Amino acid sequence: MTFMKSAYAACLLACSTHTLAQQESSDVTWSLGIAAISSDQGYVDVGTETNIVPIVGIQYGNFSLLGPRASYKIFTSDQFEISAIGNLRFDGYEAADGDIFTGMEDRDMSFDAGIEAEIDTSFGEFGLGLVHDVTSTHKGFELSASYGVPFMFENGRVMPYIAANYQSEDLADYYFGVQQNEATSSRAFYQLDATTNIEIGIGSDWMFNNKHYIKADISYASYGSDIKDSPLVDKSGEAQILVGYAYVF
């Protein structure tokens with residue numbers, strides 16, 4: 001089953017940072033909910049897929065375990081934060097997901113680990129992240145940089161953002177390449193180099209009565225030229241919509 005790269009992890013992360021962080025650091029806080037995620041990754045004749053996923057959040061002090069994502073704050077101040085992170089990458093597909101994959105080997109999810117930094121300034125929020133596959137699935141890495149401007153409201157916030165995600169050759173080729181033994185008359189051998197995807201979106205987080213958390217996001221990631229030229233892809237990027245609800249205990 002094809003799936004989105006990071007929507008699930010992002011939903012869980014946002015749930016913890018905007019709701020669980022309100023609790024005392026010595027408390028264990030947890031939340032449960034559900035999210036609907038619709039995405040079109042651009043694979044030939046696959047189209048938009050909608051997945052329903054659980055939201056599970058647990059936080060204790062500097063440590064957070066958020067479904068498929070774990071993080072630990074190494075350093076934190078009023079405007080700067082560094083964390084060690086680990087998360088499942090839900091990219092991948094099975095041959096049964098579409099005719100374009102017939103005769104190809106399945107591409108599996110991976111567990112990526114690394115470090116990220118967040119900088120909060122008077123003119124916006126900056127983020128940097130670096131993760132590497134520790135499961136030897138795609139054997140690559142991803143370097144990300146983002147910038148967003150939050151607009152605060154009584155019960156939440158809305159943040160337009162832009163991000164650049166550099167994917168190494170191994171990562172990009174694993175999910176969008178065609179190996180020699182997979183090539184056919186209608187699906188040519190194709191090997192990718194490293195590439196950079198540019199993402200724009202709007203994220204929003206809302207809290208009511210300190211118990212009811214709602215998240216709604218929309219984004220579009222424009223693929224780098226190597227991914228756009230893949231015979232597995234017939235669109236220039238990935239569009240995604242996420243809506244989620246969680247109850248905070």
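Since we're looking at a predicted model, the values are computed, not measured.
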### Task
Check S31 against F249 and note the closest heavy-atom contact, atom names and distance.
CA-CD1, 4.1 Å
### Message
Quick check: do V158 and I202 have side-chain heavy atoms less than 4.5 Å from each other?
### Response
yes
### Query
Do S83 and I115 touch side chain to side chain, with heavy atoms closer than 4.5 Å?
no
### Query
Shortest non-hydrogen contact from E49 to V46?
OE2-CG1, 3.8 Å
### Message
Restricting to ring-ring contact (aromatic ring centres under 6.0 Å, His included), what partner residues turn up for F151, sequence neighbours left out?
### Response
none
### Query
Who pairs with R107 by salt bridge (Lys or Arg N to Asp or Glu O under 4.0 Å), at least two apart in sequence or on another chain?
E182
### Test log, rule side-chain hydrogen bond (donor to acceptor under 3.5 Å, both in side chains), inputs H212 and Y247
CA-CA 5 Å; H212 305 282; Y247 183 83; 5.9 Å; no
### Task
State, without any angle test, whether S110 and D112 hold a side-chain donor-acceptor pair at a distance under 3.5 Å.
yes
### Task
Answer yes if F126 and M159 sit in the same cluster of Ile, Leu, Val, Met, Phe, Trp and Tyr residues linked by side chain heavy atoms under 4.5 Å apart, and no otherwise.
no
### Expected output: side-chain D217 to main-chain S204 donor-acceptor under 3.5 Å
yes
### Residues clustered with I85, ILVMFWY side-chain links under 4.5 angstrom
V131
### Query
With a 3.5 Å cut-off and no angle check, do the side chains of N165 and S144 form a donor-acceptor pair?
yes
#### Entry: Partners passing side chain to side chain contact (heavy atoms under 4.5 Å, CB included) against S77 (at least two apart in sequence or in another chain)
F75, F80
#### Entry: Shortest non-hydrogen separation from T121 to Q79 and the atoms involved
CA-NE2, 4.5 Å
### Query
Is there side-chain contact between E116 and I82, with heavy atoms separated by less than 4.5 Å?
no
### Message
A side-chain contact here means heavy atoms from C-beta on lying under 4.5 Å apart; do I37 and F90 qualify?
### Response
no
### Set of residues satisfying side chain to side chain contact (heavy atoms under 4.5 Å, CB included) with respect to S230, sequence neighbours excluded
F176, Y190, L232, V233
### Query
Side-chain contact, heavy-atom cut-off 4.5 Å: E81 with D120?
no
### Query
Between the main-chain N or O of D133 and the side-chain N or O of R89, is there a donor-acceptor pair closer than 3.5 Å?
no
### Query
Which atom pair, heavy atoms only, marks the closest approach of A70 to L65?
CB-CD1, 4.0 Å
#### Entry: Value rounded to 0.5 Å, distance of CD1 in I119 from CG in L128
6.0 Å
### Query
So, Y147 side chain and G127 main chain: donor-acceptor pair closer than 3.5 Å or not?
no
### Task
Over all heavy atoms of both residues, which pair between G103 and R187 is shortest? Give the atoms and the distance, please.
C-NH2, 4.0 Å
### Query
Counting heavy atoms not belonging to D45, are there more than 12 under 6.0 Å from its CG?
no
### Message
What I want to find out is whether D205 reaches K215 closely enough, with some N-O distance under 4.0 Å, to be called a salt bridge.
### Response
yes
#### Entry: Sub-6.0 Å ring centroid separation between Y93 and Y43
yes
### Message
So, using salt bridge (Lys or Arg N to Asp or Glu O under 4.0 Å) as the criterion, who are the partners of D173 when residues are at least two apart?
### Response
none
### Closest contact, heavy atoms only, G224 versus N197
N-OD1, 2.9 Å
### Query
What residues, two or more places apart in sequence or in another chain, satisfy side chain to side chain donor-acceptor pair (under 3.5 Å) together with S168?
none
### Query
Among side-chain atoms of E125 and Y161, is any donor-acceptor pair under 3.5 angstrom?
no
### Message
Test your reading of the model: is there a side-chain donor-acceptor pair from Y213 to the backbone of G244, 3.5 Å cut-off?
### Response
no
### Summary
Apart from Y166 itself, its cluster of hydrophobic side chains linked below 4.5 Å comprises L130, F141, L143
### Query
Is K228 salt-bridged to E238, going by a charged N under 4.0 Å from an acidic O?
no
### Under the salt bridge (Lys or Arg N to Asp or Glu O under 4.0 Å) test, residues paired with E105 that sit two or more places apart
none
#### Entry: Full working for side chain to side chain contact (heavy atoms under 4.5 Å, CB included) between Y174 and Q167
CA-CA 11 Å; Y174 181 76; Q167 296 186 347; over 6 Å; no
### Query
Quick one: does N51's side chain have a donor or acceptor within less than 3.5 Å of a partner on A36's backbone?
no
### Message
Run the salt bridge (Lys or Arg N to Asp or Glu O under 4.0 Å) test against K235 and tell me which residues pass, sequence neighbours left out.
### Response
D40
#### Entry: Derivation and outcome, side chain to side chain contact (heavy atoms under 4.5 Å, CB included), residues V56 and W30
CA-CA 7 Å; V56 179; W30 61 290; over 6 Å; no
### Task
Verify side chain to side chain contact (heavy atoms under 4.5 Å, CB included) between M109 and T135, making sure each step is shown before the conclusion.
CA-CA 9 Å; M109 68 177 66; T135 56; over 6 Å; no
### Task
Would you check if V28 and I58 make a side-chain contact, meaning some heavy-atom pair closer than 4.5 Å?
yes
### Query
Are Y175 and H138 linked by a side-chain donor-acceptor pair shorter than 3.5 Å?
no
### Task
Applying side chain to side chain donor-acceptor pair (under 3.5 Å), name anything that partners D226, two or more places apart in sequence or on another chain.
none
### Query
Is there a donor-acceptor pair under 3.5 Å between the side chain of S64 and the backbone N or O of S71?
no
#### Entry: Working for side chain to side chain contact (heavy atoms under 4.5 Å, CB included), residues V134 and F111
CA-CA 6 Å; V134 297; F111 185 80; 3.5 Å; yes
### Query
Taking only residues two or more places apart in sequence or in another chain, which ones pass ring-ring contact (aromatic ring centres under 6.0 Å, His included) with F208?
none
